There are 2 protein chains.
Amino acid sequence: MGSPIYLKIVEDIKSKINSGEIKPGDMIKSENMLCDEFDVSRMTVRKSLTVLASEGYIYSVPGKGNFVNEPNQDKYILYFNEMTSLEGSVEDTQLLDVNIIKPTMEIIFHLQIPENKRVVLIRRVFLSDDNPVAYDVKYIPYYRGMPIVEKEIHYATFPEIVAKKKSLFAIHKELKIKVQKPDEEIQDILNIDVTEPVMAIEQRLLDEGNRPIGWGVTFFKGDFFHLQAVSTFVDQGNSIY
Amino acid sequence: MGSPIYLKIVEDIKSKINSGEIKPGDMIKSENMLCDEFDVSRMTVRKSLTVLASEGYIYSVPGKGNFVNEPNQDKYILYFNEMTSLEGSVEDTQLLDVNIIKPTMEIIFHLQIPENKRVVLIRRVFLSDDNPVAYDVKYIPYYRGMPIVEKEIHYATFPEIVAKKKSLFAIHKELKIKVQKPDEEIQDILNIDVTEPVMAIEQRLLDEGNRPIGWGVTFFKGDFFHLQAVSTFVDQGNSIY
DNA sequence: CAGTGGTCTAGACCACTAG
DNA sequence: TAGTGGTCTAGACCACTGA
């Protein structure tokens, strides 16, 4: 009962959408009509419509009206973190090496750097019960004076490694998720045979200007790993707060 | 230029956050102070703060102030659709069978139904160049008069199958993504041997009241499948529109 | 208590769309 | 031209936090 008027309007319109009374593509009542219907000022109605729009229910076209959105069926929220996404989580991390190398063509492509530019290579193994469960390879463009402190790299996630000073807000990330038959190197490191499938998660980090600042792949032993995702368009309990 | 004042305020605060001038946990200027600073009314300032909050940059605590959020490092947007996520996309679908069956314990668990309730089983194979690339199994609680029309099921996605009449807005979905060694049935259907890894994507559909209304798994041949995800917290070009 | 954010009003002017 | 949404104002009252 204590809930504000604008939320009542939000609920009213949501229920009309959920029940199918108004369908995707339909125009909803105009703002002025809603003002009359609920006997409120236009700003209050607009507050409601802002909420509905930010939750993806409607969109507005200036000069025409507000319209019901197509539900975005294929959109999910995914949580991923190479350090914590493992079942039972990682107990220890083993830093295989940190090296400054000449980039391969693949690395040049992914980091979009000149051929003569050097690259920092970081290789780690994640352990659970003293058994290797993931193998992690990362490439970062090298610049003079870069602080490559083993201790810092040991337990850091990729964005943390790259963004020593930058605000993490500015970093854009892309994941590519694949299954893979382990090659000999991976079989060796993860102590598995060729029939054990591996989840390969490729991470690309980009700065504000969409310039690559890091690229890497983490190979997870299949039986120690899964991802979960949930659809958007969840009525988040009308989270007051 | 032509851009409204409230967007200038948004940009100003965003740049202070991105540059690190104000950091996660910091309180930003109070609304009244921002009114003075930009010489605008409070509603205009609040419009700006609403935008920043909806994009995840800030949150507000009544009686205290507005605070900079921790960037949600681990959150990604994932797009998935069992019919279109395959490389080169599916050219054809083969409906193996549609049956009404007695549920196994696993199905009872996932659909949260009584033991004596019957379940509709749908099995499909997705083909590309006449080769099987995915095997799809779905379970839906059976109710009398349910229209199980083979033609409809042939090319439909899971939510479409379940939500014949309901609005798709009301459906909540969960995905579980795993790699898997193919068992003999899958080897047979996808025409692969045990060394070929398989991506298993489990889908759970829930209605408005979080009651399960569908459960299923799609097994993708590894070399024909990958997923992509991008970080949230993207400055979506300040999409005016 | 003074200060904060949350809600709401009753106006205003603008640019856009469509008949 | 009438109707739509987009922006903005200058107030108001409220509940809440902290000194």
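All values reported here derive from a predicted model rather than from experimental measurement. Here is how names work: the chains are called A, B, and so on, in the same order as the sequence lines, proteins then strands, and each is numbered from 1.
Within the 4.5 Å cutoff, side-chain heavy atoms of A/His110 are placed close to those of A/Glu202.
Within 4.0 Å (heavy atoms only), B/Ile5 reaches sugar-phosphate atoms of the nucleic acid but no base atom.
At the phosphate of C/dG5, OP1 or OP2 sits under 4.0 Å from a side-chain N or O atom of B/Asn66. Between B/Lys64 and the phosphate of C/dG3, there is no side-chain N or O to OP1/OP2 separation shorter than 4.0 Å. For the OP1/OP2 pair of C/dT7 and a distance below 4.0 Å, the side-chain nitrogens and oxygens of A/Thr44 include no atom meeting the criterion.
Summarising the geometry, the separation between CZ on B/Arg42 and P on C/dT7 is reported as 10 Å, rounded to the nearest angstrom. Per the geometry, NZ belonging to B/Lys47 stands 9 Å off P belonging to D/dC8, to the nearest Å.
B/Ser48 and B/Ile9 make their closest contact through OG-CB, 3.4 Å (heavy atoms, listed as atom of the first residue, atom of the second, distance).
Residues passing the salt bridge (charged side-chain N to carboxylate O under 4.0 Å, His left out) test with B/Glu31, sequence neighbours excluded: B/Arg42, B/Arg46.
Salt bridge annotation for B/Asp12-B/Lys8: absent, with no cationic side-chain nitrogen under 4.0 angstrom from a carboxylate oxygen.
Along DNA chain D, the nucleotide nearest to A/Met43 and the one nearest to A/Leu49 differ in position, and the one closer to the 5' end is contacted by A/Leu49.
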So what does the secondary structure string of DNA chain D come out as, 5' to 3', with Watson-Crick or wobble pairs under 3.5 angstrom, [ ] for crossing and | for pairs with another strand? ||||||||||||||||.|.
